Amino acid sequence: MDNRKLAENFTLIADLLEIKGEVVFKTRAYRRAAETLASMSQQAANLLQQGENLTAIPGIGKAIAEKIEELVESGRLQYLERLQQEVPRSLVDLLQVPDLGPKKVALVWKELGITNLEELEAAAQQGKLRQLPGMGEKSEAKVLAGIASLKRRTGRTPLGDALPFADQILADLRALPGVVAAEPAGSLRRRKITVGDLDLLVAAEDSTTVMNYFVKYPGVERILGQGPTKSSVEFSNGMRAQLWVHPPQRFGTALQYATGSKEHNVRMREIALSKGLSLSEHALTRENGEEILCANEEQVYAALGLPWIPPELREDRGEIQAAQLNKLPLRLDLDQWVSELHTHSTWSDGKVPIEDMVKAAIERGYRVIALTDHSHSLGIVQGIPPDALPRQKEEIDRLQQKYGSQIKILQGIEVEIKADGSLDYPDEILATLDLVIASLHISLRQPRQQVTQRVLNAIHNPHVDIIGHPTGRLIPEREGADLDMEAILQAAAQTGVALEINAHPKRLDLEDIYARRAIELGIPLTINTDAHAPDQLDLITFGISTARRGWVEPQHVLNTWEPDLLLEWLDKRGNSNAAR
DNA sequence: GCCGTTTTCGGCCCGACTGTTTTCAGTCG
């Protein structure tokens with residue numbers, strides 16, 4: 001049983017306990033354990049096998065460790081099975097309805113015998129909910145609207161879609177009179193791969209104009225709430241956004257609060273309390289009621305004796321302890337970028353000739369670009385047949401002459417890891433290329449052991465330099481291959497092959513938690529855009545954010561290395577002509 | 001259920017907004 005499954009079990013326990021009416025601290029403990037498990041870079045099952053004590057993990061004590069053990073060993077959990085006999089499991093679906101929480105779910109269950117969404121909708125339509133204590137006509141209408149919205153919603157929005165949408169709203173908000181600043185917050189600012197609601201924050205003395213503008217923004221289907229400091233809306237596409245407005249002199253605490261994560265903020269407030277301060281979105285408050293206002297986030301962190309923590313790290317994964325010890329990772333940044341190592345041209349499915357990609361790379365200040373067109377077997381695109389590689393080489397040589405010392409152009413390949421586990425090109429051909437990326441695109445649904453073995457084969461091929469977008473996932477439509485990631489990481493550490501964090505917002509693969517594990521194991525990483533057109537080179541920032549979320553530092557990333565160092569590394573990999 | 005340079009028992013973050021209420025509970029982030 002993997003960590004995700006374990007986390008699902010503990011989340012289910014928390015939901016059921018909440019409906020049952022258990023004390024909140026117990027449910028909170030189960031939720032925290034679920035979060036921790038989901039964000040661990042190593043499998044709990046593996047740790048158990050190695051004889052590690054799970055109670056060493058923060059948030060996991062004796063009781064939960066025993067439950068993990070039972071789940072890993074038997075695939076079942078007696079405690080959960082007993083719990084489900086008390087509280088019908090289908091009730092947790094009701095918690096998904098906006099404005100329905102555990103108390104109201106328990107109420108409709110106990111008073112009306114409702115156990116699922118269909119029964120809830122029917123009861124609301126029949127006007128039965130309004131008769132319950134504490135509920136009225138409006139609550140009933142809210143339930144119906146909530147169910148409708150639930151049916152319309154597609155779940156979390158990919159970061160690549162949410163960010164441009166939010167940026168447009170923010171630009172419009174900045175243009176309003178009296179608006180001093182407008183920034184993204186929440187998971188958007190932390191650059192999670194998917195975003196639930198859009199969280200937006202505005203600095204302004206008077207919120208009235210801003211709020212009135214926001215709730216009437218084009219595309220707003222309904223207003224979920226509107227107040228002087230906070231409003232939230234739902235768009236016709238099902239996306240939700242909420243906006244906070246705070247005075248500029250309180251913007252720091254407000255931004256810190258709105259950025260989250262919730263768990264990070266809880267830790268921050270605990271530290272504040274230990275220093276005799278109370279931290280809220282409005283201010284830090286001393287015990288005598290005196291307020292300390294923070295116009296920027298640096299002041300908030302400084303007041304707690306901490307350096308500023310980059311938003312991508314704020315997931316309560318040890319960043320606060322690291323900050324206290326002054327051991328936060330060195331910040332990875334675009335201005336450190338030297339090379340782009342995964343691009344396509346019209347030699348396969350790219351949109352432009354090599355020269356246009358080269359020029360675009362030069363414009364961005366890069367000093368190395370690798371053209372890595374697809375090998376020929378990938379059916380959906382026109383790959384390069386092996387006998388065309390010499391002609392491509394001639395073109396690259398000609399361009400290298402033309403652009404001379406401005407940029408080094410590498411002839412690479414994105415070679416397909418075929419369904420049978422072999423690579424699409426024989427070793428003799430791979431050996432002639434400057435750089436080899438091996439990637440999965442097909443037969444991703446093979447059983448774990450089989451698909452993992454394919455990647456392991458590629459890792460052990462001495463000509464392969466990089467494993468491209470390891471799982472092959474596409475957000476949100478395609479789940480990645482069910483890889484045994486620890487086995488892959490161990491093999492990469494052993495052979496020295498680099499793993500890619502593919503920067504395309506539909507991929508962001510290797511994902512953050514495994515990037516973090518990779519650097520622990522000393523595996524070189526590379527962050528590339530997989531650009532099929534010049535402007536896609538700018539997607540690199542998504543990859544950088546994902547790497548930051550994985551605590552990756554500049555020296556871990558091939559793309560920040562000086563060209564000489566990179567070419568030397570490629571040469572040592574044994575297949576490269578690059579240095580010549 | 002977890003946790004401990006004040007604690008192995010008694011704590012466990014803070015506030016906005018809504019609806020159903022006559023002062024607050026529930027939900028959300």
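Here the structure is a predicted model, which means the values were calculated and not measured. Lettering of chains follows the sequences in order, A, B, ..., and the numbering in each one begins at 1.
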What protein N or O atoms touch nucleotides 24-26 of chain B N or O atoms at under 3.5 angstrom, if any, and at what distances?
none

What pairs with [X] under side-chain contact (heavy atoms from CB on, under 4.5 Å), at least two apart in sequence or on another chain?
X: Ser232(A); answer: Leu224(A), Gln242(A)
X: Leu150(A); answer: Gln96(A), Val97(A), Leu117(A)
X: Glu291(A); answer: Arg250(A), Ala283(A), Thr285(A), Leu293(A)

When the [atom1] atoms of [M] and [N] are compared, how many Å lie between them, rounded to an integer?
N: dC9(B); M: dT18(B); atom1: P; result: 45 Å
N: dC17(B); M: dC13(B); atom1: P; result: 22 Å
N: dG19(B); M: dC12(B); atom1: P; result: 31 Å
N: dT22(B); M: dG29(B); atom1: P; result: 28 Å
N: dC14(B); M: dT21(B); atom1: P; result: 30 Å
N: dT6(B); M: dC2(B); atom1: P; result: 23 Å
N: dT5(B); M: dG1(B); atom1: P; result: 23 Å
N: dA16(B); M: dT7(B); atom1: C1'; result: 33 Å

Where each residue is assigned the nucleotide of DNA chain B containing its nearest heavy atom, which of Thr27(A) and Leu100(A) is assigned the position nearer the 5′ end?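 It is Thr27(A) whose nearest nucleotide is closer to the 5' end.
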Nucleotides 3-9 of chain B: which of its N/O atoms have a protein N/O under 3.5 Å away?
unit_1	atom_1	unit_2	atom_2	d
dC3(B)	OP1	Gly59(A)	N	2.7

Find the distance [X]:[atom1] to [N]:[atom2] and express it as a whole number of Å.
X: Lys192(A); N: dG29(B); atom1: NZ; atom2: P; result: 13 Å
X: Glu35(A); N: dG1(B); atom1: CD; atom2: C1'; result: 16 Å
X: Glu263(A); N: dC12(B); atom1: CD; atom2: C1'; result: 15 Å
X: Leu95(A); N: dT27(B); atom1: CG; atom2: C1'; result: 11 Å
X: Leu150(A); N: dT27(B); atom1: CG; atom2: C1'; result: 16 Å

Donor-acceptor list for residues 43-51 of chain A side chains, cut-off 3.5 Å, not counting sequence neighbours:
unit_1	atom_1	unit_2	atom_2	d
Gln43(A)	OE1	Asn3(A)	N	2.9

Atom pairs and distances, side-chain donor-acceptor, residues 27-37 of chain A, under 3.5 Å, sequence neighbours left out:
unit_1	atom_1	unit_2	atom_2	d
Thr27(A)	OG1	Val24(A)	O	2.8
Tyr30(A)	OH	Lys67(A)	NZ	3.3
Arg31(A)	NH1	Asp15(A)	OD1	3.1
Arg31(A)	NH2	Asp15(A)	OD1	2.9
Arg31(A)	NH2	Glu18(A)	OE1	2.7
Thr36(A)	OG1	Arg32(A)	O	2.9

Would you list the atom pairs, donor with acceptor, under 3.5 Å between side chains in residues 185-193 of chain A and any protein atom, with sequence neighbours excluded?
unit_1	atom_1	unit_2	atom_2	d
Arg189(A)	NH1	Thr259(A)	OG1	2.8
Arg189(A)	NH1	Glu297(A)	OE1	3.4
Arg189(A)	NH1	Glu297(A)	OE2	2.9
Arg189(A)	NH2	Glu297(A)	OE1	2.9
Arg190(A)	NE	Glu315(A)	OE2	2.8
Arg190(A)	NH1	Thr259(A)	O	2.7
Arg191(A)	NH1	Leu188(A)	O	2.8

What residues form a ring-ring contact (aromatic ring centres under 6.0 Å, His included) with Tyr217(A), not counting sequence neighbours?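 Partners of Tyr217(A) under the ring-ring contact (aromatic ring centres under 6.0 Å, His included) test: Tyr213(A).
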Full working for side-chain hydrogen bond (donor to acceptor under 3.5 Å, both in side chains) between Ser41(A) and Arg517(A): CA-CA 6 Å; Ser41(A) 55; Arg517(A) 177 74 179 141; 5.0 Å; no
In the 5'-to-3' direction, what one-character label does each nucleotide of nucleotides 13-23 of chain B receive under the scheme B = base within less than 4.0 Å of a protein heavy atom, S = sugar-phosphate only, - = no such atom? BBSSSSSS---
Salt-bridge criterion met for Arg267(A) and Glu319(A) (N-O under 4.0 Å):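 Salt bridge flag = no for Glu319(A) with Arg267(A).
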Which pairs with one or both residues in residues 96-106 of chain A pass salt bridge (Lys or Arg N to Asp or Glu O under 4.0 Å), sequence neighbours excluded?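 Sorted result for residues 96-106 of chain A: Asp99(A)-Lys142(A).
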dT27(B) - base-pair partner by Watson-Crick or wobble geometry, distances under 3.5 Å: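 Per the H-bond distance test, dA16(B).
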Quick one, Pro102(A) and Leu95(A) - any side-chain contact, counting heavy atoms below 4.5 Å?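 The answer is yes; the side chains approach within 4.5 Å.
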Please identify each residue that fulfils salt bridge (charged side-chain N to carboxylate O under 4.0 Å, His left out) with Asp172(A), with sequence neighbours left out.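 For Asp172(A) there are no salt bridge (charged side-chain N to carboxylate O under 4.0 Å, His left out) partners, ignoring immediate neighbours.
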